[in-house]
Chemist: 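Please find one structure pasted underneath; my questions will follow.
In this text the structure is predicted, and so the values were computed from the model without any measurement. Just follow the structure's listing: the first ligand is 1, and inside any ligand the first atom is 1. Any value given below was found using the heavy atoms of this structure, including those in side chains, with hydrogens, waters and symmetry copies removed.
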Amino acid sequence: MRIGVLTGGGDAPGLNAAIRAITRKALEEKDEVLGIKNGWLGLLEGDTMNLNLETIRGILPRGGTILGTSRTNPFKREKGPQKIQENLKRLKIEALIPIGGEDTLGVALKLSQMGVPVVGIPKTIDNDIPGTTYSLGFDTAVNEVMEALDKLHPTAESHHRVMVVEVMGRNAGWVAAYGGLAGGADVILLPEAPFTLGDVCEQLRNRHQQGKDFSIVVIAEGAKPKDLKSAVVQGTKVDEFGHPRPGGIGHVLAQEVEARTGYETRVTILGHLQRGGSPLAVDRISATRMGVKAVELVRQGKFGTMVALQGDRLVEIPLEEGLAGTRPVDKEIYRLAQIFT
Ligand code: F6P
């Protein structure tokens, strides 16, 4: 069989490990693998690269994706789905393995309903794909936040400051909750747990009254204080999936904290440092397991599915089930966050 592989949406540590696993498993089964460049754009344009033992050599520890990625939505392009079906035929691709988050896999689901044979792999540092307890990139991103907080503690303590750290996650708080817990944050603010600017200032004042004159505050970029008129995003542009560009709440929070409490406050926005690193072991192993499983599902003809981790069990579920609803941070996790902050 000739299997097409693409990586769509935000890049994440572990993508190359998944590409490597798919290629190795397929070649072992005497199948062929064709890399599709830049997410769904590559299928619209017929832009591909060979995936073989030579082209995947040494990619396991590399961040990013050797295929490139994009946030292209073929359903927003002139005759997009039709072009994809024509290119799949012309390229003689018999099955497709898209690796991506809800946007990329949402396109895969629609194409699957049009008869395109797909098996998806869940990837996003946000870890918010409903049908899987783990999405590629999450653990490495959490470690990036933890290490940043370890570095920020000494300087916050030395200057007796409030350090506001804004982390990624789009509308989910997984990166903030896990990164904050692992890094010992004093306050963790999530989209899933309502709070007001007044609550945060009161929590900081209480800390000062207990003699703790510095604080690390982690806030998810999608968190919105109840007493703030609207969510904070960058500019008015939206991408082809309708997403505004997240970010900026950290500065708003810091200004409010300093104005209301008088405590000197600084802001660190971790941004794409959470996306770019070399995958840690969890992401390398999860990617390897998921890549091999996806090829097995293709060979079994189990299309319209996605690979999923449920706890540590590797399963396959129908794409429409895997993408249904949302995946907010577990209540147990943010109760933990409240205990340790
Ligand atoms: O969805 C993954 C993610 O990293 C979000 O956490 C973040 O808000 C977004 O992508 C940033 O997108 P871009 O890299 O296109 O700016």
Side-chain angles (χ1 to χ4, degrees), residues 6-15 18 38-41 63-65 67-73 76 98-108 120-132 134-146 148 165-180 188-192 218-224 230-253 267-280 283 286-287 306 322-323 326-329:
L6 67 85
T7 53
D11 71 311
L15 278 174
N38 306 317
W40 294 111
L41 181 64
T65 161
L67 295 178
T69 185
S70 73
R71 293 188 183 279
T72 303
N73 181 354
K76 293 278 187 198
I99 310 172
E102 288 193 276
D103 295 337
T104 301
L105 297 183
V107 169
I121 292 180
K123 169 281 312 169
T124 173
I125 67 161
D126 305 346
N127 203 38
D128 61 349
I129 298 173
T132 179
Y134 194 81
S135 298
L136 297 182
F138 175 59
D139 182 65
T140 305
V142 167
N143 277 272
E144 197 62 39
V145 174
M146 177 187 75
V165 185
E166 179 184 307
V167 302
M168 283 185 163
R170 206 181 287 281
N171 302 321
W174 290 95
V175 175
Y178 275 61
I188 300 175
L189 302 170
L190 310 175
E192 296 90 342
V218 168
I219 185 165
E221 64 185 355
K224 180 185 148 332
S230 55
V232 179
V233 292
Q234 299 194 44
T236 53
K237 271 176 67 179
V238 294
D239 67 16
E240 291 187 26
F241 292 91
H243 298 306
R245 186 175 298 180
I249 185 66
H251 286 289
V252 172
L253 178 66
V267 185
T268 299
I269 296 187
L270 292 181
H272 289 69
L273 289 172
Q274 299 159 93
R275 288 251 296 270
S278 169
L280 298 179
D283 281 314
S286 305
M306 62 178 264
L323 299 175
T326 59
R327 189 168 180 269
V329 172

Chemist: Among all protein heavy atoms, pick the one closest to atom 15 (O) of ligand 1 and tell me residue, atom and distance.
Modeler: R71 NE, 2.9 Å

Chemist: Does R275 have any salt bridge (Lys or Arg N to Asp or Glu O under 4.0 Å) partners at least two apart in sequence or in another chain, and if so, which?
Modeler: D11

Chemist: How long is the straight-line distance from OG1 of T236 back to CZ of R245, given to the nearest 0.5 Å?
Modeler: 10.5 Å

Chemist: How far does CD1 of I188 sit from CD1 of I219, to the nearest 0.5 angstrom?
Modeler: 12.0 Å

Chemist: In terms of atom number and element, which parts of ligand 1 are under 4.0 angstrom from non-hydrogen atoms of P246?
Modeler: 8 (O)

Chemist: In terms of ring plane angle, is the pair W174 and Y178 parallel, tilted or perpendicular, where the classes change at 30° and 60°?
Modeler: tilted

Chemist: Can you find a pair of side-chain heavy atoms, one from N171 and one from D128, that are under 4.5 Å apart?
Modeler: no

Chemist: Counting each atom of ligand 1 from 1 as listed, which ones have a heavy atom of H272 under 4.0 Å away?
Modeler: 13 (P), 14 (O), 16 (O)

Chemist: Within a distance under 4.0 Å of any heavy atom of D126, pick out the atoms of ligand 1 and give their elements.
Modeler: 1 (O), 2 (C), 3 (C), 5 (C), 6 (O)

Chemist: Given W40 and N73, is the side-chain contact (heavy atoms from CB on, under 4.5 Å) satisfied, shown in steps?
Modeler: CA-CA 7 Å; W40 294 111; N73 181 354; over 6 Å; no

Chemist: At less than 4.0 angstrom from any non-hydrogen atom of G169, what atoms of ligand 1 do you find?
Modeler: 6 (O)

Chemist: If we set the cut-off at 4.0 Å for heavy atoms, which region of R275 has an atom near ligand 1: side chain, backbone, both, or neither?
Modeler: side chain

Chemist: Would you mind running through ligand 1 and noting each atom that sits below 4.0 Å from a heavy atom of E221?
Modeler: 5 (C), 6 (O), 7 (C), 8 (O)

